[in-house]
Amino acid sequence: MSQNHARTSRTNDLASRIDAGFRTAIAAALSDYASVNSAPIDPLIKAAANPKFGDFQANFAMSLAKSLGKNPREVAQQVVDAAPPSLRDLCEPFEIAGPGFVNIRLRPESIANALTAMDSATLGVSNDNKTHTVAVDLCGVNVAKQMHVGHLRATIIGDTIARLFERLGWNVHRQNHLGDWGLPIAMTLAALRRAKVDIARVTLDDLNRAYRRAQAEGRDDEAGLAAAHATAVGPHRIAELEAQHEGAAAALADAHDTLRRLQSGDAAVVADWQKLIDVTMHEVYETAQLLGVDLKPEHNRGESFFRDRLTPTVDAFVAANLAVRDAGALVVRFEGRERPLLIQKSDGTSLYATTDLAAARYRIQDLGSELVVYCVDARQRDHFNDVFDAVALIGWTKRADGREASLVHVPFGAVLGSDKRPLKTRSGENFTLKALLDEAIARGRREVHARAASPDAPTAALSPAELDAIGQAVGIAAIKYADLSSDVSRDYVFDLDRMVSFEGDTGPYAQYAHARIAGILAKASAQGAAAGALVIATPQERSLALNLLRYPGAIEDAASQLAPNRIAAFIFELANTFNAFYQACPVLRGADESTRASRLHLCDLTRRVLADALSIMAITAPSRM
RNA sequence: GUCCCGGUAGCUCAGUUGGAUAGAGCAGCAGAUUUCUAAUCUGCAGGUCGGUGGUUCGAUCCCACCCCGGGACGCCA
């Protein structure tokens with residue numbers, strides 16, 4: 001995947017100030033030479049590969065020296081000598097090492113000052129004040145179908161990306177592309193109406209069964225019939241299959257008729273269809289709430305929303321000479337690609353690509369998005385590749401203000417069982433999301449209750465209901481963190497034992513670090529101890545402070561790369577460095593007053609950054625656990 | 001057959017426009033605890049970065065070919 005999908009205004013953090021300082025130094029040092037290159041030279045500032053090399057390193061000298069035909073260490077020295085005071089004041093004297101690396105070590109005062117500057121409501125994260133707009137396609141449930149693990153990913157990855165941009169001050173449009181139109185819905189609807197079921201009173205589970213039954217009924221058993229003839233089974237069996245075939249044909253005809261009435265606005269059918277959606281969405285919203293996901297009716301932009309835009313979409317491609325007839329269907333062809341994009345079936349009706357094209361146009365030209373993010377299963381990679389190319393071909397990536405929007409698919413991998421096959425129940429069915437979450441919550445509660453049983457546990461005095469609430473937060477965090485903490489495009493094996501573990505790179509580990517800090521802060525508050533001026537003295541304080549300072553950059557990187565795992569990696573690093581600090585640096589006992597005040601300040605900042613980062617993934621951070 | 005995605009420690013995975021000795025977690029081993037919550041911390045051990053060539057001062061990263069695994073391929077979404 002290509003890198004920067006979103007341009008965010010870069011924070012004025014330490015790394016940026018070092019970067020700016022070196023740019024100035026390079027320009028000054030190089031003014032001696034005839035301009036080698038008109039482009040500004042990137043000082044290539046990185047976090048140091050190893051603590052013994054300092055905090056940051058600048059890697060510009062090697063490649064630059066080559067183009068100048070000079071010795072890299074000399075070039076590095078010349079640049080270092082030209083460092084402006086703004087840069088020199090920040091750092092200890094520079095060291096030139098190896099082939100020409102510049103090692104940069106921050107002065108403790110610089111760290112304390114930068115951290116003090118970061119201590120605000122924004123925590124140093126930039127805010128674009130709604131000058132950018134993004135649309136995020138998420139969730140994408142199908143009406144009358146139970147949510148399964150695939151929807152878990154489309155929902156929480158989408159929600160995290162949406163929250164990430166909200167945190168950066170973007171205008172965010174959540175788009176729930178419901179499967180609420182077309183033949184599958186009509187089949188279920190027809191079956192329910194035939195059975196005279198009161199649709200408003202059924203559960204999603206009932207609907208799910210009706211959906212599957214309708215699918216099975218509607219399956220045209222031509223293949224079975226042909227096989228029966230070929231393998232010479234008895235006439236009785238063939239008659240049975242023929243009857244089934246006729247039944248299927250009748251069900252299908254009924255479904256088509258229902259679809260026609262739905263599409264032409266038949267009031268009774270439309271009313272039942274709406275009930276079907278209501279029942280489905282009621283449970284979807286419940287699940288979303290359980291997951292902490294911001295998903296509401298106003299985010300619905302399902303297939304039905306685009307129904308009147310389908311014909312104009314097809315017409316536009318025909319008018320632009322971008323679609324051609326092929327075997328009765330309309331296809332868009334691409335240069336250098338065998339695979340075409342079907343935008344109209346030979347019976348004249350449209351299909352999913354048509355809706356996606358209409359939706360892309362809506363998101364860019366009606367909503368004004370400069371970026372449209374699709375959180376959809378990786379198996380639809382080719383499909384979106386084609387759709388995006390088609391949108392570009394017809395020029396719909398151009399926004400009202402003339403700027404180009406980009407469309408990006410964030411493909412996510414499958415959730416696998418321990419057999420490395422897509423997760424299934426014992427009976428071979430897809431796991432419903434609800435079943436999965438119930439199990440995780442039960443596990444979280446078990447862990448929390450077990451620990452509260454110890455008399456000196458901080459949770460010992462809590463009521464069972466309070467412990468249940470914490471346990472639920474732990475269980476949900478376990479699942480969400482596991483899902484979001486590795487590159488989302490990859491498959492992962494669902495292993496509840498690992499996820500719910502309080503050790504290692506897990507949600508509960510992060511929550512635990514937060515609870516530990518909250519415990520100290522509560523105690524400090526009870527003792528009347530207050531945070532004060534920061535003093536960075538020990539290696540653990542330094543490490544914690546530097547990690548805190550990385551927060552704004554981590555958030556910006558996560559956004560520009562649409563990579564939730566970057567947030568998780570930051571959280572894990574921070575929780576780790578905090579725990580090391582906790583071990584080595586007593587806050588409330590055995591420390592003089594100024595040390596205590598400084599460490600309390602570090603604790604307070606760490607807690608807020610941790611809670612803020614977790615909130616972007618919509619993971620709750622309990623104060624006790 | 002065409003195209004897409006992946007292959008890094010026993011297992012699960014990071015690796016941010018090519019940079020110093022490839023990093024974590026789990027599992028294993030050795031330590032630390034009358035705890036500001038040990039759900040923790042410190043240390044040890046663990047690698048032909050799928051393979052072979054190429055580009056480069058320098059490659060897990062870029063290019064070519066090959067091997068293995070997964071996926072998608074016109075009227076489902």
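Side chains included, hydrogens not; waters and symmetry mates left out as well; all remaining heavy atoms used. The structure displayed is predicted, hence computed values, not measured ones. Chain letters run A, B, ... following the sequence lines, proteins first, then strands; residues in each count from 1.
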Inset, instruction - Please check the phosphate of B:U17 (OP1 and OP2 only) for any side-chain N or O of A:N59 closer than 4.0 Å. - result: no
Inset, instruction - Classify the nucleic acid contact of A:Q380 as base, sugar-phosphate or nothing, counting any heavy atom under 4.0 Å across all strands shown. - result: base
Legend entry - Sugar-phosphate only, base, or nothing, as touched by A:F572 at under 4.0 Å among non-hydrogen atoms: sugar-phosphate
Legend entry - Watson-Crick or G-U wobble partner of B:C65, both distances under 3.5 Å: B:G51
Inset, instruction - Please check the phosphate of B:U37 (OP1 and OP2 only) for any side-chain N or O of A:K523 closer than 4.0 Å. - result: yes
Inset, instruction - State whether A:R379 places a side-chain N or O below 4.0 Å from either non-bridging phosphate oxygen (OP1 or OP2) of B:C4. - result: no
Inset, instruction - Determine: side-chain N/O of A:R490 to OP1/OP2 of B:G7, distance under 4.0 Å, yes or no. - result: yes
Inset, instruction - Name the pairing partner of B:C73, where a pair is Watson-Crick or G-U wobble with both distances under 3.5 Å, or state none. - result: B:G1
Legend entry - Residue matched to B:U37 through Watson-Crick or wobble contacts both under 3.5 angstrom: none
Inset, instruction - Check every strand shown and say whether A:D495 touches a base, only sugar-phosphate, or nothing at a heavy-atom separation below 4.0 Å. - result: nothing
Legend entry - P gap between B:C26 and B:U34, integer Å: 23 Å
Inset, instruction - Would you please indicate yes or no on a ring centroid separation below 6.0 angstrom for A:H514 and A:F578? - result: no
Inset, instruction - Give A:A457 one of three labels, base, sugar-phosphate or nothing, depending on what nucleic acid heavy atoms sit under 4.0 Å from its own. - result: nothing
Legend entry - Candidates A:D356, A:V376, A:N176, A:L407 - the one meeting side-chain contact (heavy atoms from CB on, under 4.5 Å) with A:D137: A:V376
Legend entry - Assigned partner base of B:A45, Watson-Crick or wobble definition, under 3.5 Å: none
Inset, instruction - Name the nucleic acid region contacted by A:D356, choosing base, sugar-phosphate or nothing; use a 4.0 angstrom heavy-atom cut-off, strictly under. - result: nothing
Inset, instruction - Name the nucleic acid region contacted by A:A353, choosing base, sugar-phosphate or nothing; use a 4.0 angstrom heavy-atom cut-off, strictly under. - result: nothing
Inset, instruction - Sticking with atom C1', work out how far B:C61 lies from B:G7, rounded to a whole angstrom. - result: 14 Å
Legend entry - Touch class at under 4.0 angstrom, heavy-atom based, for A:R451 against every strand present: base
Inset, instruction - For A:L44, report the nucleic acid contact type (base, sugar-phosphate, nothing); a contact means any heavy atom under 4.0 Å. - result: base
